[in-house]
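Reading through the structure tokens given below for one structure.
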2 protein chains.
Amino acid sequence: MAASDSHADSLDFGILHELIGYRLRRAQLVFFNSFADACNDLGISPGLFGVLVLVKQNPGRTQTAIAQAMGNDRSAMVSAVDRLEKKDLVERRPSQNDRRSYALYLTANGEAFYDRLVERVLQHEHALEGVLRPGEKDLLIDILSRLCAGSAKG
Amino acid sequence: MAASDSHADSLDFGILHELIGYRLRRAQLVFFNSFADACNDLGISPGLFGVLVLVKQNPGRTQTAIAQAMGNDRSAMVSAVDRLEKKDLVERRPSQNDRRSYALYLTANGEAFYDRLVERVLQHEHALEGVLRPGEKDLLIDILSRLCAGSAKG
DNA sequence: TATTGTTATACTCTATAACTATA
DNA sequence: TATAGTTATAGAGTATAACAATA
């Protein structure tokens with residue numbers, strides 16, 4: 001390759017590198033791809049993992065409640081729960097009070113799977129924490145949570 | 001609403017709230033939606049903004065070079081540049097050395113538009129920085145850039 | 001042989017609107 | 001009337017594979 005190749009050297013990112021939005025996007029993409037590498041064989045995406053955790057921690061809630069907690073539309077929950085049901089991880093039980101809705105629970109298989117999955121996710125998380133200095137993780141999470149809370153979304 | 005409504009109280013997020021990956025995803029979503037609110041009338045998404053900045057800072061580069069800098073496949077650049085060309089912001093000029101490729105430049109209109117756009121984006125950025133304490137922005141960007149650099153992607 | 005731009009294609013994620021059965 | 005789950009649909013965003021022109 002000659003030095004005159006227009007794609008050989010790195011580009012000037014200008015303002016991009018000083019924008020939180022851009023840095024967030026890149027970092028989130030890194031985490032997303034890394035999560036996929038870590039959990040693809042289990043068939044679990046970050047979104048499905050979120051559903052599993054919320055159902056595990058809040059058994060008996062409706063699809064709509066889970067969707068709201070995740071910040072998604074309830075229509076997006078249908079295929080998510082479908083997939084988790086097909087994998088025998090989550091179960092739709094008829095709600096007792098309200099015959100319109102389902103109560104979501106982990107299956108017995110889902111409970112066991114959950115432990116293995118969390119272990120895998122924590123491994124993945126720790127691997128990426130390697131570049132952080134002591135105390136920076138808590139600070140990072142604190143900052144990110146403030147950025148989320150600061151949005152006038154409701 | 002009765003206190004027994006299963007969707008009335010907030011859910012337990014368990015491990016999610018301590019996972020950098022989850023916090024990144026939520027924060028990035030907040031920024032994305034906020035960016036859209038700020039720039040929708042200009043017809044510019046975060047992705048298109050990235051292309052504009054890179055072309056502005058690196059005039060004459062090829063689509064492939066821009067795509068690589070953004071971490072995207074070059075096929076994704078086609079419709080992006082198409083849209084920017086339709087808006088008279090970016091121009092494909094035949095490359096002098098290599099007749100396979102185009103050299104990308106901002107149009108005269110694109111240059112003027114760019115200044116207005118950057119002003120808007122900085123406004124949006126400053127609004128979201130409101131929840132940060134002095135020095136936290138630089139630290140946040142430093143941490144995020146380390147998280148990106150730490151990924152074995154190449 | 002390898003690369004650029006392109007097209008076709010597909011897959012994920014997500015949102016909206018409308019339907020049904022309930023409430 | 002309003003709500004829960006569902007369906008159909010559509011729009012981004014992104015990726016792969018293959019092609020023509022060119023290197």
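Just so we're on the same page: letters track the sequence lines, and every chain starts at 1.
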*asked:* So, does B/S45 get its side chain near the phosphate of D/dG13, meaning an N or O under 4.0 Å from OP1 or OP2?
replied: yes

>> Just by distance, no angles: are the side chains of A/Q68 and A/R74 close enough, under 3.5 Å, to form a donor-acceptor pair?
In response: no

Here the distance between atom C1' of D/dG5 and atom CD of A/Q68, to the nearest Å, is 13 Å

5'-most contact on DNA chain D (nearest-nucleotide basis), A/Y102 vs B/P46, goes to A/Y102

Whole-Å distance, A/R25 CZ to D/dT14 C1', equals 11 Å

Between CD of A/Q63 and C1' of D/dT6 the distance, given in whole Å, is 9 Å

Nearest-nucleotide check on DNA chain C, A/A76 vs B/A103; residue mapping nearer the 5' end is B/A103

Atom CG of B/L104 and atom C1' of C/dT6 are separated, to the nearest Å, by 14 Å

Practice item. State plainly whether the residues B/E85 and B/R83 are in salt-bridge range, i.e. N to O under 4.0 Å. Key: no

It should be established whether A/R99 places a side-chain nitrogen or oxygen under 4.0 Å from OP1 or OP2 of nucleotide C/dA23. yes

Item checked: Lys/Arg N to Asp/Glu carboxylate O, A/K137 vs A/E125, below 4.0 Å -> yes

B/I66 atom CD1 is separated from C/dG5 atom C1', nearest whole Å, by 14 Å

Does CZ belonging to A/F113 count more than 12 external heavy atoms closer than 6.0 Å? yes

side-chain N/O A/R74 vs C/dT14 OP1/OP2, d < 4.0 Å: no

B/F49 atom CZ is separated from D/dG13 atom C1', nearest whole Å, by 19 Å

| request: Please evaluate the base of C/dT14 for a donor-acceptor partner in the side chain of A/S75 within a cut-off of under 3.5 Å? | output: no

Exercise for the section: Look at the side chain of B/R100 against the base of C/dG5 and say whether a donor-acceptor pair falls under 3.5 Å; ignore hydrogens and angles. Expected result: no

Please determine whether a side-chain nitrogen or oxygen atom of B/T64 lies at a distance below 4.0 Å from atom OP1 or OP2 of C/dG5.
yes

Atom CG of A/N72 and atom P of C/dT12 are separated, to the nearest Å, by 16 Å

Checking C/dG5, D/dT16, C/dA23 against the side chain of B/D73 (C-beta onward), the nearest is D/dT16

Looking at B/R83, does any N or O in its side chain come under 4.0 Å of the phosphate oxygens OP1/OP2 on D/dA12?
no

Between CZ of A/R93 and P of D/dG5 the distance, given in whole Å, is 15 Å

**Asked** With no hydrogens and no angle check, do the side chains of B/S95 and B/N97 hold a donor and an acceptor under 3.5 Å apart?
**Response** no

